[in-house]
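Have a look at the structure below before the remarks.
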Amino acid sequence: MRLSELFGKTQREIPSEADTASHRLLLRAGMIMQVAAGVYSYMPLGWRVLKKIENIIREEMDNAGGQELAMPVLQPVELWQQTGRDKAFGRGLFTLLDRRERTLVLGPTHEEVLTQMVGHHVQSYRDLPKLLYQIQTKFRDEPRPRGGLIRVREFIMKDLYSFDVDEEKLDVSYRKMIQAYQNIYDRCDLPTLLVEADSGAIGGKDSHEFMLIADTGEDEVIRCDKCDYAANADKAVSTKRPIAPEKPLPMEEVATPGMKTIEELANFLKMSKDHTLKAVFYVADGQVVFAMIRGDLDVNEVKLQRLLKCTDLHLATEAEVSAAGIAAGYASPMGLKNIKTVADDSVAEGINFVAGGNKPDVHIKNVNYPRDFKADIVADIACAREGDGCPKCDGMLKSTPGIEIGHVFKLGTFLSTALGADFIDEKGDSRPIIMGCYGIGLGRLLAAAVEHYHDDKGIVWPLSIAPYQVYLCPLYREDANISDVAEKLYTELQSAGLEVLFDDREESPGVKFNDADLLGIPLRVTVSPRTLQKDSVEVKWRAEKESRLVPVADAVVRVKDLVQRGK
RNA sequence: CGGGGUGUGGCGCAGCCUGGUCAGCGCGCAUGGUUUGGGACCAUGAGGUCGGAGGUUCAAAUCCUCUCACCCCGACCA
């Protein structure tokens, strides 16, 4: 491709709405353009990268035994009502009315459509397993799109679904996919961390995410500094700091005027926060829930939601709290009626807590579980934090931001049951098909690659996904000799099967070099009077500082060799 | 949805508080010339009616009301 003919120019000025590196650089390089909040066009260069990523993914899915198919974006809402996931997605679901006033959904994912299809076409255990996938556009009305291509409302995603006869076979499919994903990231030169993840309201046994560690990541990864334990903060468990054993003392009222927060309370009573009892009120699907946790810990809402199996969970408003007859700031687990109570296990294990007195300005000392109160559920509902103990070894947990660039789930039979996707097993019994699903957002992967591979000059594409492999850069093209050599090289490099971006513009060296750096094409070949004096061209990797001179006569062979070896 | 911010030629911005030759600057773009190994220089030129609607006023980019869009923080986000 001749740069003079390429659609899309580089920009010097930084678009003001972009704050992450990938967003900024992709805009400046003329690879993407925003159309609406969380909606982007890909321009030719960006689209080439996306196609390369797509091809890598397709090859790995095919290698793993996946069969590609295509499903519609437009889906009847009834299908979603059948599985109840119209509610689970809530307002995140893009819907529209057709001319007959029937509601249609712009597919945010395709389990429903595919499960229905598989239900129609799979009858016997002999028809299983199946790994089916598509690479297609999804729509999710995110509350807040952000970070350029990182979180968008319309995006291209590879989604594969596995259909198996039992849990063991699901494990096989699951492992196969994890391996395929690892191959994909390897080929894209992206180091990823496989972390345990929450599988959300859908349930299912296991779920893992592939994380790219990056400062701009919006997810939090908790990992052990000694062993390989790693989990999304939503899911992470930790060993909570134990409390020194004491004798349980009798309860005692204390006046605590105006002390409403844990911080104030602990300071006022001159005790550490781990001897206070934090009470947090939530509303779960309309029901007020009383959550208790040791004062030094925080409630992990994802864990709580999972535990309560509710689709909506939010902090109770003041109105909701007082409507339930509770004194905010002085709430007590004692004497609560008709309110579901959940206690973190730290509460059951702790001792002599200070808890609310259930009336203003009063707390109660030496509250002990289960002597003085009971909870409906005792479970781990705490946020794991940096500095906590590893649940698997004696190491310490660290926290780091990451970008989720792949997510795999064991779904189980939730959807196949709802949609009647059954098969007949060896004994002639009808059973629901066991499902898994596996997603990668292509645009997010592209953006993540830029987040990982860039410097202050621009993008540094890994060779495997670069829009072009070679940037052919003649300086002083008006010199006939230069342009002859460059034109010849352009033709020959292409004939040799290389992807060449030919900077045939009449621009100054500075402009050309800066654009080359911004666009991030891996190998730059410069032709100038200086190099031709030595019958050579200059060859330089974008990622390296040093360049080398290569005789013009050998240039094509040498460049091809470099590209093939990737070095 | 709560909080904050921004909308002025393709891009980045100034002007707004203190209405009145304020529609201006830089980049980019076009033409000509001189240059050119890390975003050159000179000259000339095209291009905006100031997000939209309504209002106040003799007069509105500037003040008021409403509205839309976009960005950031949070909530949210299989």
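By convention in this document, chain letters (A, B, ...) are assigned in the order of the sequence lines, proteins followed by strands, and residues within each chain are numbered from 1.
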| query | Considering Watson-Crick and G-U wobble pairs with both distances under 3.5 Å, what does B:rG20 pair with? | reply | B:rC58
| message | Can you measure A:Lys457 atom NZ to B:rG37 atom C1' for me and round it to whole angstrom units? | response | 12 Å
| Hey, is the side chain of A:Arg144 poking within less than 4.0 Å of OP1 or OP2 on B:rC73, counting only N and O atoms? | yes
| message | Using a 4.0 Å heavy-atom cut-off, does A:Arg524 contact any base of the nucleic acid, only the sugar-phosphate backbone, or nothing at all? | response | base
| message | Any base atoms under 4.0 Å from A:Ser547, or only sugar-phosphate, or nothing? Heavy atoms, all strands. | response | nothing
| remark: As its Watson-Crick or G-U partner within any shown strand, both distances under 3.5 Å, B:rA14 has none
| task | Let me know the distance between CD of A:Gln11 and C1' of B:rG39, rounded to the nearest Å. | result | 14 Å
| task | Examine B:rG39: is either OP1 or OP2 under 4.0 Å from a nitrogen or oxygen in the side chain of A:Ser508? Give yes or no. | result | no
| Between A:Glu546 and A:Lys540, is there a side-chain N and carboxylate O pair less than 4.0 Å apart? | no
| Looking at the side chain of A:Tyr476, which of B:rU36, B:rC70, B:rC72 is the nearest nucleotide? | B:rU36
| message | Under a 3.5 Å cut-off for both contacts, is B:rU36 paired Watson-Crick or G-U wobble with anything, and if yes, with which nucleotide? | response | none
| said: Taking only the P atom of each, what is the distance from B:rU62 to B:rC50 in whole angstrom? | reply: 9 Å
| So, A:Glu111 and A:Arg85, do they make that salt bridge, N to O below 4.0 Å? | yes
| request: Just call it for A:Arg151: base, sugar-phosphate, or nothing, with non-hydrogen atoms closer than 4.0 Å on any strand. | output: base
| field | Nearest-angstrom distance, C1' atom, B:rC17 to B:rA60 | value | 15 Å
| How far does the C1' atom of B:rC41 sit from the matching atom of B:rU35, given to the nearest Å? | 7 Å
| query | Within less than 4.0 Å of OP1 or OP2 of B:rA69, is there a side-chain N or O belonging to A:Gln34? | reply | no
| message | Does a side-chain N or O of A:Arg12 approach OP1 or OP2 of B:rC11 to a distance below 4.0 Å, or not? | response | no
| Under 3.5 Å: donor-acceptor pair, side chain of A:Lys130, backbone of A:Ser162 | no
| request: Please determine, for B:rG28, whether a Watson-Crick or G-U wobble partner exists with both distances under 3.5 Å, and give it or none. | output: none
| field | Integer angstrom distance from the C1' of B:rG24 to that of B:rG15 | value | 8 Å
| field | Watson-Crick or G-U counterpart of B:rG7, or none if no pair lies under 3.5 Å | value | B:rC68
| task | State plainly whether the residues A:Glu13 and A:Arg28 are in salt-bridge range, i.e. N to O under 4.0 Å. | result | no
| query | Within the modelled atom types, does a donor on one side and an acceptor on the other bring the side chain of A:Glu13 and the base of B:rG26 under 3.5 Å apart? | reply | yes
| request: Between B:rC27 and B:rC58, how far apart are the C1' atoms? Round to whole Å, please. | output: 40 Å
| query | Is the side chain of A:Tyr229 donor-acceptor paired with the backbone N or O of A:Val237 at a distance under 3.5 Å, no angle test? | reply | yes
| message | What is the distance, to the nearest angstrom, from the CD1 atom on A:Ile150 to the P atom on B:rC76? | response | 21 Å
| query | Is A:Gly458 touching bases, backbone alone, or none of the nucleic acid, heavy atoms closer than 4.0 Å? | reply | nothing
| query | Nearest-Å distance, CZ (A:Phe513) to C1' (B:rG38)? | reply | 7 Å
| field | Euclidean distance for C1', B:rA75 against B:rC63 (whole angstrom) | value | 35 Å
| said: Go nucleotide by nucleotide along RNA chain B from the 5' end; which of A:Val527 and A:His407 gets its closest nucleotide reached first? | reply: A:Val527
| message | Regarding A:Glu404, tell me which of base, sugar-phosphate or nothing describes its non-hydrogen contacts under 4.0 Å with the strands shown. | response | nothing
| B:rG38 P sits how many Å from A:Arg542 CZ, rounded? | 17 Å
| said: In this structure, how many angstroms lie between the C1' atom of B:rC71 and the CG atom of A:Leu149, rounded? | reply: 16 Å
| query | Taking the same atom, P, in B:rC25 and in B:rG45, what whole-Å distance lies between them? | reply | 13 Å
| said: Both A:Tyr40 and A:Tyr161 contact RNA chain B. Taking the nearest nucleotide for each, which residue is further toward the 5' end? | reply: A:Tyr40
| task | Taking atom P in both B:rG9 and B:rG5, compute the distance separating them and give it to the nearest angstrom. | result | 22 Å
